[in-house]
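Read the structure below first, then the notes.
Worth saying up front: this structure is predicted, and the values here are computed from it rather than measured. Positions are given from 1, in the same order as the sequence printed here.
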Amino acid sequence: MRFALSPEQLDFGTSLRKLLDAGRTPAAVRSWASGDPQPGRGLIQQLAGAGALGLAIEERHGGMGAEPIDLVVAFQEIGRSAAPGPLVATAAAIPALLQALPDTTLAARWLPGFADGATLGTLAFASPAHGTVALDADIAEVVLIADGDQLRTAHRTELVRSVDPARRLFTVEADAVVAEGDHVRDAIAAAFDAGALANAAQLLGAGRALLAAATEYAKQRKQFGQPIGEFQAVKQKLADVLIGLDLAEPLLYRAALTMGDTTRGRDVSAAVIACGDAAYRAARAALQVHGAIGYTAEYDLSLWLTRVTALRSAWGTPDLHRARIAAALRDRDLRGSA
């Protein structure tokens, strides 16, 4: 299986990186966290103009009908910039859900707006025990709850504090049922895996941004008259981060390439764990390299530190994904021995 990106995909990623210039994105993230979504919506509109929000949306619904690997390329750059908003739900999870339904009415109603950036969507998975929570339910025009074999519209209720201030979480309550049946259950499963894949790509992109920030700072910060980046301990720490990110990348690409296979869930979970662990290692190293300044909310590094911490469990905890891998491997072994 070939994991190398094509020249066109590399060029697409580079163009998105230039669009999401880190010099202006932090201001949009902070505005979003404070309740002012306008700068962030402008950034999202530019992403839509570049085709990033319509990649997973079929052409008949105004999208590009691209492959999952193209979505992974886009979300690595979104993660690298720490762009705000319910982008995983809008560009990955909800399109996967609606396009898996036999009735195309909902897809035709909402997906064209998602593709052109005029509409944002957010998706919550029902959790009676812990409360059903959705991201940016105060800003998204489409708020949905996936509950077993039912898909419902919903409305927000109370704000829930997040470790990442730019991830504005709200409890939501269900309204009307818009689809139900066994086909909805299958569509919800597809939506979860699509969202988890995009989330893993975000984590990998954020990890690379943290490594770049730590490396640059290590060149500038001096101790005992020389840059700390010349110390072997610092070099080794950053090298370990790079190795972790590089090893996670092929697992992410494999998950993208097997989204239509029976191993989809296992491969997505493997990517989530690998990218989450690599990004977390990058966050710890970046914080140690930066020292006390890395703890301050005013310093831009904090935007990536809190984002990585939040994203590690945003689409399933590491324990959940490890359990999914274990179950898949156990089932495979049972089938092999039958």
Side-chain angles (χ1 to χ4, degrees), residues 17 19-44 47 75-88 120 122 133-140 156 158-171 199 202-223 228-229 234 237-238 241 245 275-315 317-318:
R17 194 176 309 174
L19 185 154
L20 294 165
D21 175 41
R24 56 194 175 87
T25 303
V29 175
R30 287 192 168 91
S31 292
W32 195 280
S34 69
D36 175 14
Q38 292 310 310
R41 291 295 297 241
L43 199 63
I44 291 169
L47 280 171
F75 271 93
Q76 284 187 76
E77 299 307 325
I78 289 170
R80 194 189 299 266
S81 70
L87 297 175
V88 169
L120 293 177
T122 189
V133 178
L135 176 66
D136 295 319
D138 60 330
I139 295 170
R156 67 181 174 94
E158 297 180 0
L159 179 67
V160 178
R161 184 177 177 84
S162 170
V163 67
D164 179 1
R167 285 179 55 81
R168 294 169 55 80
L169 302 175
F170 290 85
T171 55
N199 190 65
Q202 275 198 104
L203 281 163
L204 188 65
R208 294 208 181 277
L210 286 161
L211 175 60
T215 301
E216 187 61 31
Y217 192 75
K219 295 176 183 178
Q220 300 172 6
R221 181 183 172 191
K222 291 186 177 181
Q223 198 172 61
I228 63 171
V234 176
K237 183 175 291 293
L238 296 180
V241 170
L245 294 168
C275 292
D277 287 351
Y280 184 63
R281 187 182 299 113
R284 288 177 60 88
L287 186 57
Q288 288 178 312
V289 168
H290 280 77
I293 194 173
Y295 284 96
T296 62
E298 294 78 13
Y299 195 65
D300 285 348
L301 186 74
S302 66
L303 304 180
W304 282 266
L305 296 176
T306 56
R307 182 62 52 87
V308 164
T309 302
L311 291 183
R312 285 191 78 202
S313 59
W315 286 81
T317 64

For this session: Identify which one of R17, R208, Q202 satisfies the side chain to side chain donor-acceptor pair (under 3.5 Å) criterion when paired with E77.
Result: R17
Problem set entry | Side-chain heavy-atom pair L210, L305 within 4.5 angstrom cut-off | yes
For this session: Specify the closest pair of heavy atoms between A278 and L245, including all atoms of both residues, with the distance to one decimal.
Result: CB-CD2, 3.8 Å
Seminar exercise, completed: d(L120 CG, I44 CD1) to nearest 0.5 Å is 5.0 Å
For this session: Please round to the nearest 0.5 Å and tell me the distance separating atom CD1 of I228 and atom NZ of K219.
Result: 12.5 Å
Exercise. What are the two closest heavy atoms between L238 and A218, and how far apart are they?
Worked result: CD1-CB, 4.4 Å
For this session: Can you sort out the partners of W32 under ring pair (Phe, Tyr, Trp, His ring centres under 6.0 Å), two or more places apart, ordered by chain and number?
Result: none
Exercise. Shortest non-hydrogen contact from A214 to V289?
Worked result: O-CG1, 3.6 Å
Exercise. So, T317 side chain and S313 main chain: donor-acceptor pair closer than 3.5 Å or not?
Worked result: no
Exercise. What orientation do Y217 and Y299 show, parallel under 30°, tilted 30 to 60°, or perpendicular over 60°?
Worked result: perpendicular
Exercise. Side chain of R30, backbone of E298: donor and acceptor closer than 3.5 Å?
Worked result: yes
Problem set entry | Minimal non-hydrogen separation, R221 against Q288, with atom names | NH1-O, 4.2 Å
Exercise. Looking at A213 and L301, what are the two nearest heavy atoms and their distance?
Worked result: CB-CD1, 4.2 Å
Exercise. So R80 and L204, side chain to side chain contact (heavy atoms under 4.5 Å, CB included) or not? Walk me through it.
Worked result: CA-CA 8 Å; R80 194 189 299 266; L204 188 65; over 6 Å; no
Seminar exercise, completed: Applied to residues 278-297, the salt bridge (charged side-chain N to carboxylate O under 4.0 Å, His left out) test, sequence neighbours excluded, yields none
Problem set entry | Shortest non-hydrogen contact from A137 toward T122 | CA-CG2, 4.2 Å
Problem set entry | From OG1 (T25) to CG (L43), nearest 0.5 Å | 5.0 Å
Problem set entry | Straight-line distance of W304 CH2 to T309 OG1, nearest 0.5 Å | 14.0 Å
Seminar exercise, completed: Rounding to 0.5 Å, atoms CD (Q76) and SG (C275) come to a distance of 7.5 Å
Seminar exercise, completed: Rounded to the nearest 0.5 angstrom, the CG-CG distance for L47 and L87 is 6.5 Å
Distance-only check: which donor-acceptor pairs under 3.5 Å involve side-chain atoms of residues 158-167, not counting sequence neighbours?
residue: S162; atom: OG; partner: D164; partner atom: N; Å: 3.1
residue: S162; atom: OG; partner: D164; partner atom: O; Å: 3.3
residue: D164; atom: OD1; partner: A166; partner atom: N; Å: 3.0
residue: D164; atom: OD2; partner: R307; partner atom: NE; Å: 2.4
residue: D164; atom: OD2; partner: R307; partner atom: NH2; Å: 3.4

